[in-house]
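So the structure is just underneath, and the comments pick up after that.
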Protein chains: 2
Amino acid sequence: MTDSAAQLAPLPDFPDLESHVRPDDHQALRLWLRLLSCTNLIENEVRSRLRAQFNTTLPRFDMMAQLDRVPEGLKMSDLSRYMMVTNGNITGITDQLEKEGLVERVKVVNDRRSSLIRLTPAGKKAFAEMAAVHEQWIQTLFSDLPDTDRTTLHGLLGRLKSSIHSQLPSLA
Amino acid sequence: MTDSAAQLAPLPDFPDLESHVRPDDHQALRLWLRLLSCTNLIENEVRSRLRAQFNTTLPRFDMMAQLDRVPEGLKMSDLSRYMMVTNGNITGITDQLEKEGLVERVKVVNDRRSSLIRLTPAGKKAFAEMAAVHEQWIQTLFSDLPDTDRTTLHGLLGRLKSSIHSQLPSLA
DNA sequence: TATTGTTATACTCTATAACTATA
DNA sequence: TATAGTTATAGAGTATAACAATA
């Protein structure tokens with residue numbers, strides 16, 4: 001693996017937030033604008049495909065993804081933390097998915113305030129179908145990036161994430 | 001510069017969308033979840049500070065940033081492309097900023113359908129103050145990442161962005 | 001016919017805060 | 001007192017689509 005990525009020719013000028021970067025902008029700002037452009041590019045595409053092909057939204061998909069990985073279910077406060085949104089929003093998304101029979105609230109015996117949310121069999125099935133297609137989208141969108149570059153990127157973003165969490169301890 | 005980033009110990013488990021990655025998830029999906037986590041982490045913080053300290057929003061800030069870099073102004077359709085939102089939304093944000101005296105619509109002679117949007121002197125001043133503080137936030141948030149890592153990251157994200165644009169030519 | 005911008009609409013996501021029921 | 005979840009509210013952002021004016 002090399003550092004050649006840093007020495008490549010300038011990119012073509014795609015129209016986005018990065019378009020008006022100026023020569024005197026500092027490295028961190030340029031990096032942030034590019035990070036934001038990349039993420040928005042992919043996220044918008046994924047949102048639009050989720051809507052078109054599965055009539056769902058990213059938050060709904062994300063919630064089902066979290067639940068799919070914990071078959072016994074998750075408390076709403078856990079979901080709230082993982083999805084980084086407030087409690088009331090989790091109630092709203094849960095209500096939608098419950099009405100469609102994709103998740104269920106399961107009472108727990110030891111604490112009558114809380115319940116576990118988990119996927120129903122129908123929810124598991126629906127999510128499995130979406131997840132397979134979703135993963136294929138992601139594979140394809142990232143497929144031009146060589147394996148080593150993906151690994152490097154993953155590692156560097158891990159450092160960035162740790163560093164930011166240590167600066168914003170309110171989040172951890 | 002080395003590839004050491006790829007060989008580091010696993011990250012602490014911060015509660016976010018990445019929390020439930022499974023051993024059999026493929027590299028591209030892991031990378032995408034981490035990219036999304038990092039961006040959301042920073043973006044949420046920036047949104048919240050823009051709200052608290054300047055009583056503004058990210059789209060408003062972004063629009064002023066675009067305009068600040070083109071003193072003669074931009075057409076609304078240009079802004080629409082750069083900000084990757086539809087035309088109606090640009091009208092809405094422009095209306096807000098115009099009412100506050102931060103931008104103005106300037107008629108162009110050769111095409112009476114369109115006008116140029118540009119910052120007013122008050123808008124320039126207000127943006128300059130915000131931009132300086134905003135850049136300081138970004139500098140700080142990225143400051144733990146060594147210079148070489150920032151450069152590598154910038155380069156790799158550039159490759160990713162090009163690759164995605166070439167897959168989604170509708171955007172270019 | 002195509003393009004620029006506006007308007008109207010509807011929906012989702014979001015935070016905040018007050019509330020309840022339990023612990 | 002503190003915690004889990006609900007409800008109500010208000011605001012922002014978004015896409016879609018119909019529209020007027022102009023090219």
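Convention: sequence-line order gives letters A, B, ...; per-chain numbering from 1.
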Please give, in whole Å, the distance from [N] [atom2] to [X] [atom1]?
{"X": "Asp78(B)", "N": "dT3(C)", "atom1": "CG", "atom2": "P", "value": "15 Å"}
{"X": "Arg105(B)", "N": "dA21(D)", "atom1": "CZ", "atom2": "C1'", "value": "15 Å"}
{"X": "Ile117(B)", "N": "dT4(C)", "atom1": "CD1", "atom2": "P", "value": "14 Å"}
{"X": "Phe61(B)", "N": "dA12(D)", "atom1": "CZ", "atom2": "C1'", "value": "18 Å"}
{"X": "Lys99(B)", "N": "dT6(C)", "atom1": "NZ", "atom2": "P", "value": "14 Å"}
{"X": "Leu74(A)", "N": "dA4(D)", "atom1": "CG", "atom2": "C1'", "value": "15 Å"}
{"X": "Leu79(B)", "N": "dT14(D)", "atom1": "CG", "atom2": "P", "value": "13 Å"}
{"X": "Leu50(B)", "N": "dG11(D)", "atom1": "CG", "atom2": "C1'", "value": "16 Å"}

Qualifying ring pair (Phe, Tyr, Trp, His ring centres under 6.0 Å) pairs, either residue in residues 45-81 of chain A, two or more places apart: Phe61(A)-Phe127(A), Phe61(A)-His134(A)
Without hydrogens or angle criteria, can the side chains of [X] and [Y] be said to hold a donor-acceptor pair below 3.5 Å?
{"X": "Thr152(B)", "Y": "Asp149(B)", "answer": "no"}
{"X": "Arg34(A)", "Y": "His154(B)", "answer": "yes"}
{"X": "Gln27(A)", "Y": "Thr151(B)", "answer": "yes"}

OP1 or OP2 of dT3(C) under 4.0 Å from side-chain N/O of Ser114(B): no
Under 4.0 angstrom between Lys75(A) side-chain N/O and dA4(D) OP1 or OP2: yes
Side chain Ser115(B), main chain Arg105(B), donor-acceptor under 3.5 Å: no
Sugar-phosphate only, base, or nothing, as touched by Thr91(A) at under 4.0 Å among non-hydrogen atoms: base
Touch class at under 4.0 angstrom, heavy-atom based, for Ser115(A) against every strand present: sugar-phosphate
Salt bridge (Lys or Arg N to Asp or Glu O under 4.0 Å) partners for Asp16(B), two or more places apart: Lys161(A)
Leu41(A) side chain reached by His165(B) side chain, heavy atoms, under 4.5 Å: yes
Contact state string [nucleotides 11-21 of chain C, B base, S sugar-phosphate only, - no protein heavy atom under 4.0 Å]: -SSBBB----B
